[in-house]
Amino acid sequence: GDFTLSSIDGEVSLTDFRGKVVVLYFGFVNCTQVCPISMGIIQQALAKMPAAEAEQVQTLMISVDVDNDNVALVDQYVKRFQQNFIGLTGTLDAINHVIDEYGSYYSPTELKEIDQGRAYRHSSRFYVIDQRGELVDAMRHSTTPNELSARLRSLILI
């Protein structure tokens, strides 16, 4: 479903990307294990594609850590992987609405080894959305860059 959340450049809606394939990922800035690997997989998948095809893909990461991740932090985090990635956040209700729409999940966990004292268990899937804004795939964390690249390429109309 469609959603509107906040980015460093203002409000962003899924409908803003009609005509592009979207890779949607849920995570958080202080994730030290799953999120960096997943964002790296997206980065590598896009690097395997011809530039004209990669330009037809938009990556969005929605932070589930509404207490700590503001738009500047999420933007800075995603830009480490690729300059055109967009980091999004919003109110707890807005994030929970998107989580529910995509059948995703997250839950806070107190971890002593995390300096901030909080981490999140969360689904780690690549939600692939076609040019019409329809969810067409939810690929697992174990997806390889080659598999993700092939799936994205199968949807691109050039």
Side-chain angles (χ1 to χ4, degrees), residues 1-49 51 54-109 111 114-131 133 135-141 143 145 148-149 151-152 155:
D2 192 28
F3 55 83
T4 300
L5 295 171
S6 299
S7 78
I8 193 81
D9 295 318
E11 287 192 343
V12 171
S13 296
L14 182 60
T15 55
D16 296 340
F17 305 104
R18 289 285 158 85
K20 287 194 170 196
V21 174
V22 173
V23 178
L24 176 64
Y25 185 79
F26 297 97
F28 64 105
V29 170
N30 288 314
C31 180
T32 59
Q33 297 174 357
V34 177
C35 295
I37 292 169
S38 295
M39 296 303 289
I41 288 169
I42 300 169
Q43 176 189 39
Q44 292 170 40
L46 294 172
K48 292 178 176 298
M49 299 169 67
E55 289 172 4
Q56 298 301 311
V57 178
Q58 180 61 61
T59 299
L60 305 175
M61 184 186 111
I62 298 175
S63 174
V64 298
D65 187 354
V66 297
D67 293 330
N68 296 301
D69 291 354
N70 60 41
V71 292
L73 286 173
V74 179
D75 182 68
Q76 182 181 38
Y77 179 78
V78 298
K79 297 290 193 262
R80 287 187 224 158
F81 297 94
Q82 193 160 327
Q83 286 300 304
N84 74 336
F85 285 9
I86 298 173
L88 300 171
T89 189
T91 65
L92 182 60
D93 286 343
I95 298 298
N96 286 338
H97 173 74
V98 182
I99 289 282
D100 291 344
E101 284 288 309
Y102 286 86
S104 190
Y105 76 91
Y106 74 100
S107 65
T109 303
L111 292 176
I114 301 289
D115 291 339
Q116 292 77 14
R118 181 175 292 260
Y120 291 84
R121 288 193 174 99
H122 61 91
S123 58
S124 181
R125 294 192 180 269
F126 306 108
Y127 295 91
V128 179
I129 300 162
D130 70 13
Q131 294 92 336
L135 178 66
V136 294
D137 213 337
M139 301 177 78
R140 297 176 155 257
H141 176 71
T143 298
L148 181 56
S149 177
R151 183 63 175 121
L152 296 173
L155 297 169

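Note that the coordinates shown come from a computational prediction; the quantities given were computed from them, not determined experimentally.
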Chemist: Take C35 and Y77 through the test side-chain contact (heavy atoms from CB on, under 4.5 Å) and record every step on the way to the result.
Modeler: CA-CA 10 Å; C35 295; Y77 179 78; 3.5 Å; yes
Chemist: In sequence, state the C-alpha distance, the side-chain angles, and the governing distance for I42 and F81, and then conclude on side-chain contact (heavy atoms from CB on, under 4.5 Å).
Modeler: CA-CA 9 Å; I42 300 169; F81 297 94; over 6 Å; no
Chemist: Is there a side-chain contact between I129 and Y102 in this structure, where contact means two heavy atoms from C-beta onward sitting under 4.5 Å apart?
Modeler: yes
Chemist: Do I95 and L5 make a side-chain contact, defined as non-hydrogen atoms from C-beta onward lying under 4.5 Å apart?
Modeler: yes
Chemist: Do other residues, nucleotides or ligands put more than 12 heavy atoms under 6.0 Å from the CD atom of E11?
Modeler: no
Chemist: How long is the gap from OG1 on T91 to CG on N96, to the nearest 0.5 Å?
Modeler: 8.5 Å
Chemist: Out of curiosity, D75 CG to M61 CE, how far, rounded to the nearest 0.5 Å?
Modeler: 10.5 Å
Chemist: Under a 4.5 Å cut-off applied to non-hydrogen side-chain atoms, are L152 and L46 in contact?
Modeler: yes
Chemist: If I take atom CG from residue L60 and atom CZ from residue F26, how far apart are they, to the nearest 0.5 angstrom?
Modeler: 10.0 Å
Chemist: Quick one: OG1 on T59 to CZ on F17, what's the gap to the nearest 0.5 Å?
Modeler: 10.0 Å
Chemist: Roughly how far, to the nearest 0.5 Å, is CD of Q58 from CD1 of I86?
Modeler: 4.0 Å
Chemist: Calculate, to the nearest 0.5 Å, the distance between atoms CG and CG belonging to L88 and D69 respectively.
Modeler: 12.0 Å
Chemist: Side chains of V136 and R151: closer than 4.5 Å at any heavy-atom pair?
Modeler: yes
Chemist: May I ask you to test the R125-M139 pair for a side-chain heavy-atom distance under 4.5 Å?
Modeler: no
Chemist: Can you confirm whether F3 sits close enough to L24 that some side-chain heavy atom of one is under 4.5 Å from a side-chain heavy atom of the other?
Modeler: yes
Chemist: Go through it in stages, so that I can follow the logic: the residues are V78 and M39, the test is side-chain contact (heavy atoms from CB on, under 4.5 Å), and I'd like the CA-CA distance, side-chain angles, deciding distance and then a yes or no.
Modeler: CA-CA 8 Å; V78 298; M39 296 303 289; 4.0 Å; yes
Chemist: Take V57 and V23 through the test side-chain contact (heavy atoms from CB on, under 4.5 Å) and record every step on the way to the result.
Modeler: CA-CA 7 Å; V57 178; V23 178; 4.0 Å; yes
